[in-house]
Amino acid sequence: MKRTAPAKKKTARVTIRDVAKDAGVSVAAVSKVLRDAYGVSENLSLKVRASMKKLGYRPLASARGMRGRTYTLGLIFPDLRNPFFADIYAGINSALERTQYQAMQGVSPTATALIEAMIDRQMDGLILIGPNEELEMLIETAERTPLVAIGQHDSSGDAFDTVNNDDKLGARLVVQHLMKNGFRNIAMLSVSEPASTVVHHRELGYCAEMTDQQCADFIHIVRAPQVARDVQVAVRRLLESKNRPEALFCWTDLMAFEAISVATELGLGIPDDIAIVGYDNTIFCDFAQNALTSVDQSGELLGLQAARLVVERINGRTNAEHLVITPRIVARNSSHPRSPHQD
DNA sequence: TTGCGCCCTATTAATAAATC
DNA sequence: GATTTATTAATAGGGCGCAA
């Protein structure tokens with residue numbers, strides 16, 4: 001029995017053809033208006049835009065993708081809990097505001113599957129934030145799609161662009177600041193897994209400055225998995241130990257807040273019993289109960305530059321740019337000089 | 001099951017038409 | 001005649017229908 005052919009699905013979607021017909025111009029003319037391409041009169045542009053508005057036309061990303069552009073960027077964040085990533089996101093958004101590009105986000109500590117998914121969906125370029133992938137893998141990805149990494153210090157050659165803050169300098173600034181305020185026995189709270197190049201650089205900076213300040217004997221790095229419970233256990237052990245440090249440099253604000261919480265629970269005064277410094281200068285540093293000294297690495301600027309670079313890559317730039325932003329310390333109560341009547 | 005050809009939608013190179 | 005503006009035809013990757 002002959003099966004009746006299914007009725008041809010009538011696409012409700014308005015296409016460039018419908019717009020062209022309505023405006024009385026060619027589809028190519030509409031395409032040019034869409035892309036702000038050269039060779040379109042003001043008059044024609046107005047006509048086309050009026051028709052697009054009237055018909056509610058939206059360009060179809062997949063169809064644009066066939067010709068090489070979807071005007072979509074993929075952002076991959078390692079997690080959503082750290083408010084620092086919101087600063088980066090704000091920067092990316094403000095850079096894209098005046099462009100046709102839209103950013104789509106994904107969240108995964110191991111970006112590999114998400115990278116594939118975004119390439120499958122024909123994203124024009126990717127911005128990876130704090131990627132933990134092997135350098136090899138990043139380079140291989142960069143061969144397939146324009147790529148910019150924020151927070152990746154390994155030398156990538158020309159394969160992809162990087163945007164970083166000077167993490168070694170940031171850590172040095174912390175040590176210098178604490179020394180200036182009278183703290184010499186400074187421990188560092190770091191992360192064990194996954195160990196990104198960012199963590200590594202902060203540890204290097206901490207060690208280098210401690211050595212330069214003749215305090216190499218005090219160098220003490222505590223590494224905990226980036227899980228609230230594990231951090232609390234590690235901090236508690238450190239603060240309860242016989243040779244408790246005078247100050248604790250935490251590799252992110254998020255860890256510093258954990259440290260503040262544990263210190264408070266133990267009845268320790270901040271900064272008289274233990275000074276605490278974070279990194280990222282996230283909004284919660286300003287809250288009175290935290291008053292956390294931190295390093296500002298301007299997440300917004302990092303995001304803004306990354307977005308600019310990836311669009312440049314998409315437009316054909318092949319040589320790499322490696323931007324480094326200078327961090328600055330923002331002092332608050334958590335690291336003020338200790339009260340004079342302390343021993 | 002395989003393979004051909006068409007369709008989907010938007011862009012672009014080549015070309016034609018309009019304007020100064 | 002030169003320059004600007006708009007059109008036509010070719011094209012992209014993958015899904016789908018149809019014939020072999």
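The chains referred to below are lettered A, B, ... by the order of the sequence lines, with proteins before strands, and numbering in each begins at 1.
Ring geometry for A:Phe77 against A:Tyr89 counts as perpendicular: the plane angle is over 60°, on a 0 to 90° scale with 30° as the lower cut.
Salt-bridge check for A:Arg244 with A:Glu240: failed, with every basic side-chain N at 4.0 Å or more from each acidic carboxylate O. A salt bridge does not link A:Arg313 with A:Asp158: none of the charged nitrogens is closer than 4.0 Å to a carboxylate oxygen.
Straight-line distance from the CZ atom of A:Arg35 to the P atom of B:dT12: 5 Å, rounded to whole Å. For the pair A:Arg17 CZ and B:dA10 P, the interatomic distance rounds to 9 Å; values are reported in whole Å. Rounded to whole angstrom, the span from the NZ atom of A:Lys21 across to the P atom of B:dA10 amounts to 16 Å. Following rounding to the nearest Å, A:Glu42 (CD) and C:dA6 (P) show an atom-to-atom distance of 11 Å. Separating the CG atom of A:Leu34 from the P atom of B:dA10 is a distance of 8 Å, rounded to the nearest angstrom. Regarding A:Ile16, its CD1 atom lies at a distance of 14 Å from the C1' atom of C:dA6, rounded to whole Å.
Here A:Ser41 reaches the OP1 or OP2 of C:dA6: one of its side-chain N or O atoms lies under 4.0 Å away. Contact check, A:Arg64 against B:dT11: a side-chain N or O comes under 4.0 Å of OP1 or OP2.
A donor-acceptor pair under 3.5 Å links the side-chain atoms of A:Ser334 to the main chain of A:Thr293, judged by distance alone.
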Polar atom pairs (N or O), protein with nucleotides 11-15 of chain C, under 3.5 Å:
unit_1, atom_1, unit_2, atom_2, d
C:dT11, O2, A:Arg67, NH1, 2.4

I'd like a table of atom pairs between the protein and nucleotides 14-20 of chain B - only N or O on both sides, under 3.5 Å - with the distance next to each one.
none

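Pairing each heavy atom of A:Leu173 with each of A:Pro327, the nearest pair is CD1-O, 3.5 Å. Taking every heavy atom of both residues into account, A:Leu302 and A:Ile150 meet most closely at O-CD1, 3.9 Å. Across A:Gly151 and A:Thr197, no two heavy atoms sit closer than the pair O-OG1, 4.2 Å.
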Criterion salt bridge (charged side-chain N to carboxylate O under 4.0 Å, His left out) on A:Asp296 and A:Arg332, from CA distance to verdict: CA-CA 12 Å; A:Asp296 192 330; A:Arg332 296 189 180 85; over 6 Å; no

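Within 4.0 Å of A:Val30, counting heavy atoms only, lies no atom of the nucleic acid at all.
Summarising the hydrophobic clusters (Ile, Leu, Val, Met, Phe, Trp, Tyr; side-chain heavy atoms under 4.5 Å, direct or chained), the residues clustered with A:Leu135 are A:Ile76, A:Met104, A:Leu114, A:Ile115, A:Met118, A:Ile119, A:Met123, A:Leu126, A:Leu128, A:Met137, A:Leu138, A:Ile139, A:Leu147, A:Phe160.
Residues of residues 45-57 of chain A that place a heavy atom closer than 4.0 Å to DNA chain B, in numerical order, are A:Tyr57.
A ring pair (Phe, Tyr, Trp, His ring centres under 6.0 Å) check over residues 243-264 of chain A, counting only residues at least two apart or in different chains, returns nothing.
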Show me the side-chain donor-acceptor pairs of residues 176-190 of chain A shorter than 3.5 Å, one per line, residues at least two apart or across chains.
unit_1, atom_1, unit_2, atom_2, d
A:Gln176, NE2, A:Glu209, OE1, 3.4
A:Gln176, NE2, A:Glu209, OE2, 3.3
A:His177, NE2, A:Ser335, OG, 2.6
A:Asn181, ND2, A:Ser335, O, 2.8
A:Ser190, OG, A:Glu203, OE2, 2.5

